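All values derive from a computational prediction rather than experimental measurement. Computed from heavy atoms alone, side chains included, the values below leave out hydrogens, waters and symmetry copies. Residue numbers start from 1 in every chain, and the chains themselves are labelled A, B, ... in the order their sequence lines are given, proteins ahead of strands.
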Amino acid sequence: MGKVIATRLARLVATLLAVTFLTFSMTALLPGDPVNAILGVDAVRDPEVVAKIRADLGLDDPFLVRYVNWLGNAATGDLGQSYITDQEVITTISQRLPVTAQLAFMAIIMALILAIPIGVLGAYKQGKWQDSTTSAGVQVALSIPNFIVGIFLIWLFSVRLGWLPASNWNRISSDGLVENLKTAILPASALAMTQMAIFSRLVRSDMIATLQENYILAARSKGLSDRFILLRHALRPSSLSLMTIIGINFGALLGGTVIIETLFAIPGVGFRLINAINQRDIIVIQGITVFIATAYVVINTIVDLLYAVVDPRIRKG
Amino acid sequence: MATTNSSTTPEFPRDRLSNVSSAVAGPTDVAPETTNFLKIVRAMPLRVKMASLWLLLVVFGAIYAKLDTSLFGGALPLQDPNIQTNGFIRETGEFGTGRPIEGMSGSHWLGTDAIARDTFARIVHGSWVSLIVVVVSACCGIMIGGFLGSLVGFVRGRVETIVMATVDVILAFPALVLLLALVSIFEVRNLFVISAVISVLSIPAYTRVARANSLAISSREFVTAARAIGTKPSRILFREIIPNVLPTLLAYTMVAAAYVVVVEGSLSFLGLSVQLPTPTWGNMINQARRDIKINVAQVIWPSLALTVTVLSLNQVGDFFQQRREVRGSNL
Amino acid sequence: MGVIAMRRRGLYRAVAFLAAAGLVAGACGGSDDSAPADTTEESSEEAEAPAEESAEEPAEEPAVEAGDEAEGDVDTEVIEEETTIEYGGSVSVGLEAEATGLRPWEDSCSSPCYNMMIAVYDKLMEQDATGAYAPYLAESITPNEDFTVWTMTLRGDVTFHNGVELTAQTIADMFPIQQAGAAGSGAVTAANLVSVEATGDLEVTYTLSQGGSAFPASLARAPIGMVFDPAAAAADSEGYSMAPIGTGPFVIDSRDLDNETTFVRNDSYWGTDPDGNALPYLDSISFRPIPDEGTRLDALLSGTVNAMQTLRQGTIRDARAARDDDGADITLWEFQGNNLGGGMYNVLVPPFDDVRVRRGLTHLNSQEQVIEALGGTGISLPATQWFSPDSPWWSEKVAEAWPQFDFEGGVAFLTEYINDPERSDGKAAGEMIDVELSCPPDPTLIASTQVVEQAYTATGLVNVTITNYDQQTHIGIALGGENGFVGSHQQHCWRWSSDDDPAVNLNPALAPPTAEIAEAAGLAGAVSPLNFPNWFSPTAFQAVVAANQTDDFETRYGLYESIMLEFADQVPVYYSGHTATAIGTDTNVLGLNSWHVPSGELGIGFPSAEGRWSEVFIAS
């Protein structure tokens, strides 16, 4: 067990190093002088400003030295500061992360609430019309890009029905949970659609496999009700794979909210990334990219470890 | 690992990758069958037939539209996607009177957009960008990723470790975020840049698929036999390994294509793909959503085109992967 | 003696500053992107508009049917409120964008951020309803003989939100920070300001390197006109952006970037209304960026916010429809600004060096159709000069001289050029001319370029390529740099003019674009990279210089009119429509049009959708 953890952690560190190196080199090896890219049109050749930025970025050092320095700063939470707003990148992220995390979390919860019954139904009625209908629905849900889902949710619930706001964000801290949910429900739903499809496919196929296992057949022969068997015995093994996929998707959602946050003008990490891209704010782009990638890698590792803890086969191995 | 068909989330469909290794079919068993075109079509369920038909239509439309503008100077029967139909008329010396946002009619099958451009023409022309991005990324994926993967799966050793470590790192990024970061570096974003960036990001996934297959094939009797009789390794690679990896890669291409179409659509939607006024489905949706209150139809048409294409690619991709029995069980 | 003898250091800063002011926000149309500028010169008739008109008056002005030749259909009147004022309540304003920061000396600021800054900061000068510059936080300002030294007396007993007292030394200490600031340095350079000294407890002396009769205009804009606490700013510039400290009517309460910024009443504000009531009336005001135009209007209609600003004619059209057709209870405070959309030709690049090409292309530009494509018919007025018909600087003569849409006329000019064996682009006689028409990738701008493109193509004489680069790149292309600021643009979308004094916009635009041209004209050193069309005329240049040396309106009017006439003749620039802007509010939000300068005169109102919120109140 300890060995498993040690290998995973070693791999995590290696991956993180590589990921940060890639991000750093991507923005540091920009064509032309990075100072130009940072400054854009204004003050490009203002010697004082250029000198300050060169010093800040240590541009006169060799590339590897710059990377190590940057990594050292990043490790202590210093991802640099925006040259447009002067705000520390880490401050920007910490202000916005709760919003993005809430969206991702809500999306997963909503997806699970829908996916489990759909998946169970599909497995239980395998091959029957209930199965083929839900499967077709799931196929379609998988194929609609989330921004299209978002647009039509806005159209229906904001434009046509006027029930929910089409943009903005109310914080729980200042506006309370109800107001917060009003602004969160549509974007979270848009994100949940794809997740729901992925989860329900997983639950269905998992359960089909489980239902053929001997202990289920045994339970059936004991005369236990179908519902009891489904929920007590059949669903449980699926939870393991569900957990894995949720872990993977939670990390992915952190990045995937970019489009949805932009569509709904929600002050999350992704919206900030798009703004930074439009403003050519290289430091912020770099910082957010590295942050999301790190979060993604770390979450995946945690899931792997949990998996190892829970699944006896791996534990033994 | 579990099924992550994430064709609509910004992740490469990794599940398909990880499954491949566990269930590579014997290449010699399948190869003759795949060559029989009619047999394949007959084996398709109806939905896959319809999906294929749609994809053929899209490809035809894209090529037709491109020929129209580049070769025939707009002489073929399809309206100019950038001409405002209420625009200037030389003969009368006046501007036309057409209103922007017309409904469906004989002259505008899907109506016109907010500035009176023919929506049908724009959708047909918009498919060109999707097609190019898909084709270029598939070619790069198969040629570079496919070759690399086949190679390292065959020769193993240190090369394999290095290549696969690189691949793992790139796949460790949430793909859309990496893509955005890369795209943001370029000042001018044209079709070449967008295709190139998406292609580069496609390569790792293809490499993984190819390696998994190459590994499995390398351990088969005919390869061992070839080695035993002293066939040159390069000959084995090109004569035995790659030809047998290729069909699986082609089946994977469909699934990857679905993802690539969504990614390009997302970039366009964010205004970070090819520059306007070149129509793409994503930028059409983005423009039309400003007027969603007045005319939701103009959002629906490009959304439908995009969704149906992705759905079709998924259907066809699933079909071919199942045929190659590459999917195996889900766990 | 150059008007713009800019130090190299200031050049790019100045571009950034102008970009912030919206002047170079490349936009073809009448109402897109950031609209700049403070104040419009109200014509005197309008300024004296009857005080007894009710507050809802603008809302009741019938919307002009689309297609009408509209004049004066945008209400810019400022009037005295009849309704009794009430204290309390709060206003939530939907803005088109988040402010990148709230530091006047540093952050590029256009309409949305002005709305916020004006709540926290006071400006030294403001424009009153007659368009004249009136002291605001200053008590008086007087120039010397040649307008190189300005002596300003500050209002006494004013304190910042942090309790620090405002003195002449404060203003003097602000100067180095402004000089170093991204926005401030450009403004300092443009105003030729060289020193600011405290010459008394409340007396400040400004020294300029060249006489500038329009200097007070600079004190009415954020970069050098808004007063901040220099000690706090120097200590923590970044913190200042999130928690600005001014002397203004509201105090920052919370700032949640991209979401909501809230200000609460400054209980010790120095300002009062003419009846002596303490200002402001509101308890609090909050601002929410809602980037999508439709969503922002919906937010107002559904009550999520009770005010919103827009710089887009399409939104004004939709808001009018909601008010008139659907009976929505909203007031639209509309303003027709001097700022205008359009573009320019790079006259140093063939074939645009030939006036026949410029005239020909301009004749092919249907302003009416471009405005229609922008959704501004009946809202934006076609522009013929850098002043809207409401402006005292507007000239009938120029309006008549401007080349109107004339297809055959345009064809004639182009044909003449094309058949000229000596044509400047080096092509054989009879060949089509190549034009690259570039606009930022805004959908409405693309619509308008396509209107232009169609007319060009229909002539069979012009080979048009349309390109769309994002705003920063667009500006960079026009600025150039490698080739001595000539730029590589051809026909380039751009915005012109603002509601500031004409000198502010025309001074940099007419100086020699390159060192060679300056030298040839005997003006060595007077190079301005901000002359984007690269068009230089000694007569126009002398006119702006002369206008800086006098404060006599008639003389200056004549000089600026002569420049506009030369534009109409030589067409280095072309126009579409004037920018109509609006603030929409619930009908019970009153007072936007009836705030006062301290002398008791009515203020300028709400130009460029920049609301002054100190005298706004909510009627029950």
Roughly how far, to the nearest 0.5 Å, is the [atom2] atom of [Y] from the [atom1] atom of [X]?
{"X": "B:Leu178", "Y": "A:Tyr296", "atom1": "CG", "atom2": "OH", "result": "11.5 Å"}
{"X": "A:Ile285", "Y": "B:Leu182", "atom1": "CD1", "atom2": "CG", "result": "10.5 Å"}
{"X": "A:Thr15", "Y": "B:Leu171", "atom1": "OG1", "atom2": "CG", "result": "11.5 Å"}

| request: Examine whether an atom of B:Leu272 lies under 4.5 Å from a heavy atom of chain A, and if so say whether it belongs to the side chain, the backbone or both; otherwise answer neither. | output: side chain

| message | Need one label for B:Leu180: side chain, backbone, both or neither, based on atoms under 4.5 Å from any heavy atom in chain A. | response | both

What part of [X] gets within 4.5 angstrom of chain B, counting heavy atoms only: side chain, backbone, both, or neither?
{"X": "A:Ile148", "answer": "side chain"}
{"X": "A:Thr262", "answer": "side chain"}
{"X": "A:Phe152", "answer": "side chain"}

| Worked verdict on A:Gln139 versus B:Asp318 for side-chain contact (heavy atoms from CB on, under 4.5 Å) | CA-CA 11 Å; A:Gln139 278 288 338; B:Asp318 278 355; 3.6 Å; yes

| query | Yes or no on side-chain contact (heavy atoms from CB on, under 4.5 Å) for A:Leu263 and B:Phe269, after CA distance, side-chain angles and deciding distance? | reply | CA-CA 9 Å; A:Leu263 176 64; B:Phe269 179 75; 3.7 Å; yes

| message | Can you give me the closest heavy-atom contact between A:Ser143 and B:Thr307, atom names plus distance? | response | O-CG2, 3.8 Å

| Side-chain heavy atoms of A:Ile151 within contact of B:Ser303, under 4.5 Å | no

| Side-chain contact, heavy-atom cut-off 4.5 Å: B:Val296 with A:Arg160? | no

| Check against side-chain contact (heavy atoms from CB on, under 4.5 Å), B:Val299 and A:Trp155 | CA-CA 10 Å; B:Val299 189; A:Trp155 178 74; over 6 Å; no

| task | Report the option among B:Ser312, B:Gly265, B:Ala165 that has the most heavy-atom pairs separated by less than 4.5 Å from atoms of chain A. | result | B:Gly265

| field | side-chain contact (heavy atoms from CB on, under 4.5 Å) between A:Ile259 and B:Leu176, intermediate numbers included | value | CA-CA 10 Å; A:Ile259 302 181; B:Leu176 186 71; 4.0 Å; yes

